[in-house]
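Data block below; observations after.
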Amino acid sequence: MTELNNASIAAAFDELGDLYELDGVVQYRVIAYRNAAKAVRDASVSVAELTRQGRATELAGIGKTLDEKLRALVETGDIPAAQKLRAKYPSGLRAVSHLPGFGPKRARRLYDELGVDSLESLRAACERHELRGIRGFGAKVEEKLLEVLDAGVDGTPEPRILLSRALTLGEQVVGALRAHPAARQVELAGSLRRMTDSVKDLDVIATASDPAALAAALTELSLVDSVGSAGENSARVTLHTGLKVDLKVVEPDQFGNVLQHFTGSKAHNVGLRELMVRRGLHISEYGILDDATGETTRCATEEEVYARLGLPWIPPELREGRGELQPGVELPELVTLADIRGDLHCHTVASDGRASIEEMARAALARGYEYLAITDHSASHGFGNHVEPAELERQIERVAEVNAALEGIEVLIGTETNILTDGAPDYDDELLARLDWVIASVHTSFGMGERAMTDRMVAAIEHPWIDAIGHPTGRKIETRAGYALDMERVIEAAARTGTMLEINAAPDRRDLDEIHAREAARAGVRILVDSDAHSARNFELLRYGIATARRAWLTKDDVANTRSWPEFAALRKRARAAAQGPR
DNA sequence: GCCGTTTTCGGCCCGACTGTTTTCAGTCG
C-alpha cells in the first residue's frame, strides 16, 4: 500500500467534514474536522507515522475520536463513518454544495425535496422551474444557477495565481494609486502581504483625502479590464490577467484595524479573536470592543492594534495560525533579503542559462554579494543542456579566470549534479573533489516509491562531496506535488551529515516549503536560500525564497548564506571533512 | 468534536451580503 501523506489525510478529514455537514450534525463537530484537516496539513511530521506511534493526539485539534478515525484510515485506508455517509449521499451532492452561493444546507434541501443529486439533475430542476417552489429559493436563484452552470462552473475552486505574478501586478497597482493626489496611505493586504505561494485575488487598503476619487482612479488604470463596482469608498475591478482587485478606502483612525483584518489569515484572525474574547475584547475590522467599558477602540496603525491586545506586532508572514499566538511564544527575528551575502545556485550558457560566468558574477557583485557559485547542470541532465566532464574541466578554468579578474567577490566553481536513481552523483568523485561546491538535485525518475526515493535522497546526502541538496522535494506550485519522500529521514540525514538543504527561490518552486524548512532548521540543518538564476535578472527572484524562509520562522542565523565567505566556506561539508583530517 | 488563568461541562469569532422574506437563514471572507 502506498503511504498516506499528510495532504491525503487532510483531504479525508475535509471530505468527512463535508459529509457530516450534509448530514446536518451540529456545526461545531464540522468545524472540528476542518480544524483537524488544517492541523494535519500543517504538521511537519508524517501524521500516519505519528498515529502508528499512538501520538496523534499531540496535534492541536486531534482528540480521542479523531485519533480513532486516523487509526482506521492508516490501517484500512478508509474511515467507516465516511463509507456510511458516502452511501447515504450521492457524490454529486458534494459538487452541488460547493457551487457559489450554495452550501450543505441548500444542497441538502434540494436533495430532500427534489431529489437533486448532481449538477445535471440540478440543471434539469432549474429548467423545469422546480426550485421556486422550495422555501428559501426563487426565480432569481434558478436564473443565476443556470448562468453559473452554463459558464462551466463545477464547484471546484478556481486555480490560484503564483505570488510572483500577482505581486508584480499588485506593486504596479499600489504604485499608481500612491501617485494619485488624493492618496494618503495605500497598502497591499491579504495573502499577498503574507507572501503565500499563490493568491486568489488582491486586497488593497487605503486612506485618502477624497476616497471616491481614489476609488475612481483604480477603475481608470490601464491594467484594468473591467469594473465590477466603484463607490464612495471602495472599488472592485478585474485586471487584464483575470486577477480581481478589491480596494477599500477607510478613515485614517481605523486604518490599522482594517489592514490587520484584511491581512488575515483566517486562521490567525479566528485564533486572535478566540484568544481575546476570554479577556473580554471583541475584535473586528472596525475596532476593538472592550466588554468592561463598552467602548470600541480604533487604531491608526497595526502596531496599535496588537499593542491594545497585549501582543507584539506580528510579521504578516507568520500570521497563519501556526503557533504565533501561543502564550509565551518568542517570535523570531526573521531573516531579510539584505542579510544574504552569497548565492550558491545559478546557471550560465554552459547549460541552460542565458548569461556568461562573467555576466553572472558582475550581476552578483552589483547586488553586493561576497560569493557566487556557478552550478550548471551535470552530464545526464536529460534536456540537452548539460555539461560533460571535459566541459566541466574547462568551466573550472573559466571560473578561475573570472575569479582572478574580479575584485570583491569570490566566484566558485560548482555544479548542480543529478542524483541518479541509486543516489550517486553523475560525475566521478575525483572531479567533484576539485570543485569548490556541489549541489545535488533530482531531475529524473520522479515516480519512484517513497521508500526508494528516500533511500536515493539519503544516499546523496551521505555522499562526501555533496554539500547541499537543491529543490529537495521537486514540487511545482499549482502544477505538481513533490515526489514521494519521507522528509523526516531526509532532515535527519542532513542534520547528521552537515549537508545543507536549499530553499530554491524560483517562484514556482519555493522548495523546501515553509513547513519543511521550519522543521529542518529546528533539527539543526543549515538552510540555503538560492535564486537558481538562469539569467542576471533572475537574482531578483531571491525575494520569493526569503519570503518562504520568513514564513518558516527562519532567522539570519538559520540561513547559511547570510554568513561571510570565510564563515560559509568553513561550513561546507568538504571543509569540515578536511578539518577533521584523513579518515 | 475539542478543550481548559471561568478545566471534565459548557462553551466554541465577527460582520456583510443575498435573496428570500415580514424577521431571517445561509453563505462568504
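dG10(B) sits 34 Å from dC28(B) when the P atoms are compared, rounded to a whole Å. dG1(B) and dT5(B): their P atoms are spaced 24 Å apart (whole Å). Rounded to whole Å, the separation between the P atoms of dT8(B) and dC12(B) comes to 16 Å. For the P atom pair drawn from dT20(B) and dG26(B), the interatomic distance equals 15 Å after rounding to whole Å. Comparing dT7(B) with dG11(B), their C1' atoms sit 12 Å apart, to the nearest whole Å. For dC17(B) and dC13(B), the P atoms lie 22 Å apart once the distance is rounded to whole Å. dG29(B) and dT23(B) have their C1' atoms separated by 25 Å, given to the nearest Å.
Between dG15(B), dC2(B), dT27(B), one nucleotide has an atom nearer to the side chain of Ser284(A) than all others, and that is dG15(B). When the nucleotides dC13(B), dG1(B), dT18(B) are ranked by their closest atom to the side chain of Val277(A), dC13(B) comes out on top. Minimum atom distance to the side chain of Glu274(A) is reached by dC12(B), of the listed dC12(B), dG19(B), dG15(B). The side chain of Lys69(A) lies closest to dG1(B), out of dG15(B), dG1(B), dC13(B). Of all nucleotides listed (dT20(B), dG26(B), dC14(B)), dT20(B) comes nearest to the side chain of Lys140(A). Taking every side-chain heavy atom of Lys200(A) into account, dG29(B) is the closest of dC14(B), dA16(B), dG29(B). When the nucleotides dG15(B), dC14(B), dG19(B) are ranked by their closest atom to the side chain of His282(A), dC14(B) comes out on top. Comparing dG1(B), dC14(B), dG26(B) by their nearest atom to the side chain of Lys105(A) picks out dG26(B). For Thr65(A), counting side-chain heavy atoms from C-beta on, the closest listed nucleotide (dC14(B), dG19(B), dC2(B)) is dC2(B). With dC14(B), dT27(B), dG1(B) as the choices, the nucleotide that has an atom nearest any side-chain atom of Pro104(A) turns out to be dT27(B).
Contact annotation for Ile31(A): no contact, since no heavy-atom pair falls under 4.0 Å across all strands. If you check every strand for non-hydrogen atoms under 4.0 Å, Phe137(A) touches sugar and phosphate atoms only. Among the atoms of the strands shown, only primed sugar atoms or phosphate atoms (P, OP1, OP2) are found under 4.0 Å from some heavy atom of Pro100(A). Contact annotation for Val141(A): backbone-only contact, meaning every heavy-atom pair under 4.0 Å involves sugar-phosphate atoms and none involves a base. The residue Leu99(A) sits close only to the backbone: its heavy atoms come under 4.0 Å of sugar-phosphate atoms, none of a base. Using a 4.0 Å heavy-atom distance criterion, Leu272(A) is classed as making no nucleic acid contact. As judged by a 4.0 angstrom heavy-atom cut-off over every strand, Ala139(A) is placed among residues touching the sugar-phosphate backbone only.
Side chains of Arg319(A) and Ser265(A): no donor on one and acceptor on the other come within 3.5 Å. Judged by distance alone, the side chains of Asn257(A) and Glu304(A) never bring a donor and an acceptor atom under 3.5 Å apart. Judged by distance alone, the side chains of His268(A) and Glu320(A) never bring a donor and an acceptor atom under 3.5 Å apart. Residues Asp511(A) and Thr473(A) have side chains that bring a donor and an acceptor to within less than 3.5 angstrom of each other. Between Gln27(A) and Glu21(A), the side chains place a donor N or O and an acceptor N or O closer than 3.5 Å (distance only, hydrogens not considered).
The shortest distance between the side-chain N/O atoms of Tyr33(A) and the OP1/OP2 oxygens of dG1(B) is below 4.0 Å. Between Lys64(A) and dC3(B) there is no side-chain polar atom (N or O) within less than 4.0 angstrom of OP1 or OP2. Distances shown here put every side-chain N or O of Tyr28(A) at or beyond 4.0 Å from the OP1 or OP2 atom of dC3(B). Note on Arg29(A): a side-chain N or O is less than 4.0 Å away from OP1 or OP2 of dG1(B).
The pair Glu58(A)-Arg55(A) meets the salt-bridge criterion, since a charged nitrogen lies less than 4.0 angstrom from a carboxylate oxygen.
The nearest whole Å value for the distance from the NZ atom in Lys248(A) to the C1' atom in dC17(B) is 13 Å. The distance from atom NZ of Lys266(A) to atom C1' of dA16(B) is 14 Å, rounded to the nearest whole Å. Protein atom CD1 of Ile134(A) is 11 Å distant from nucleotide atom P of dT21(B), rounded to whole Å. With rounding to whole Å, Asn257(A) atom CG is found 14 Å from dC14(B) atom P. Computed from coordinates, the Arg34(A) CZ to dC12(B) P distance equals 20 Å when rounded to whole Å. Between Asn233(A) atom CG and dA16(B) atom C1' the separation is 14 Å, expressed in whole Å. Atom CG in Leu22(A) sits about 14 Å away from atom C1' in dG26(B), given to the nearest Å. Atom-to-atom, CD1 of Ile62(A) to P of dG1(B) comes out at 12 Å; the value is rounded to the nearest Å.
Nucleotide dT8(B) is matched to nothing when pairs are restricted to Watson-Crick or G-U wobble geometry with both distances under 3.5 angstrom.
Comparing Ala60(A) and Leu281(A), the nucleotide of DNA chain B nearest to each residue sits closer to the 5' end for Ala60(A). If Asn269(A) and Arg135(A) are placed on DNA chain B by their nearest nucleotide, the residue sitting closer to the 5' end is Asn269(A).
Relative to the six-membered ring of Tyr111(A), Arg108(A) misses at least one condition, a distance below 6.0 Å or an angle of at most 45° to the axis. Cation-pi geometry between Arg94(A) and Tyr89(A) is not met at under 6.0 angstrom from the ring centre and within 45 degrees of the axis.
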